[in-house]
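As structure tokens, the structure follows; a few thoughts come after it.
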Amino acid sequence: MSIQATKEASLYWIDTDRLTNLMIESEPIRNWANGILRDALSEKAEREWCLAALGGAERLNWFRQAFPSYEDIFTHSLIASFLGITPVTMSRLRAR
């Protein structure tokens with residue numbers, strides 16, 4: 001796994017076995033973790049659909065609607081990578 005912080009950030013890590021045990025022991029923790037998992041799977045499915053069904057311009061429009069402020073935060077090469085397009089294509093789409 002690779003993480004690149006573009007601004008100051010705090011990261012927390014918990015061992016998966018420890019989290020699993022906490023989820024078994026505590027219903028609120030289980031509900032919290034299951035909610036995070038559901039949200040992550042939903043976001044992944046939406047992105048996969050976008051990559052499979054949309055062209056470059058539509059992907060950029062989807063990205064702008066789904067993540068309105070991210071274009072100001074992340075480099076265009078990172079956004080291009082997320083959208084499955086080249087940085088050159090990203091630049092051309094932004095110029096339109």
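S81 contributes no side-chain N or O that, together with a main-chain N or O of S77, makes up a donor-acceptor pair within less than 3.5 Å. Between the side chain of R47 and the main chain of F82, a donor-acceptor pair closer than 3.5 Å is present. For E58 (side chain) and G55 (main-chain N/O), a donor-acceptor pair under 3.5 Å exists by modelled atom type.
Using a 4.5 Å cut-off on side-chain heavy atoms (C-beta onward), T89 and L83 make no contact. Looking at N34 and M23, their side chains come closer than 4.5 Å, going by heavy atoms from C-beta outward.
Each of W32 and L37 belongs to its own hydrophobic cluster when Ile, Leu, Val, Met, Phe, Trp and Tyr are linked at side-chain heavy-atom distances under 4.5 angstrom. Both L22 and I36 are part of a single hydrophobic cluster, where members link through side-chain heavy atoms under 4.5 Å apart.
In this pair, F67 and W62 present their aromatic rings perpendicular. The plane angle is above 60°, beyond the 30 to 60° band.
Distance check: R30 CZ to E25 CD gives 10.5 Å after rounding to the nearest 0.5 Å. Here the CG-OG1 distance, from L93 to T86, works out to 8.5 Å after rounding to the nearest 0.5 Å.
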Go through the steps to decide whether L60 and I85 satisfy the test side chain to side chain contact (heavy atoms under 4.5 Å, CB included), and finish with yes or no.
CA-CA 10 Å; L60 182 55; I85 59 178; 5.7 Å; no
Are L54 and N61 close enough, and set up right, to give a side chain to side chain contact (heavy atoms under 4.5 Å, CB included), and what steps lead you there?
CA-CA 10 Å; L54 302 178; N61 288 334; over 6 Å; no
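Across every non-hydrogen atom of L51 and G84, the tightest pair is CD2-N, 4.0 Å. Scanning both residues, Y70 and I79, for their nearest heavy atoms gives O-CD1, 4.1 Å. Between H76 and M90 the shortest heavy-atom distance is O-CG, 3.9 Å.
For CZ of R92, the number of neighbouring non-hydrogen atoms (other residues, nucleotides, ligands) closer than 6.0 Å is 12 at most. Sparse packing is recorded around CD of E27, with 12 or fewer heavy atoms of other residues, nucleotides or ligands lying under 6.0 Å away.
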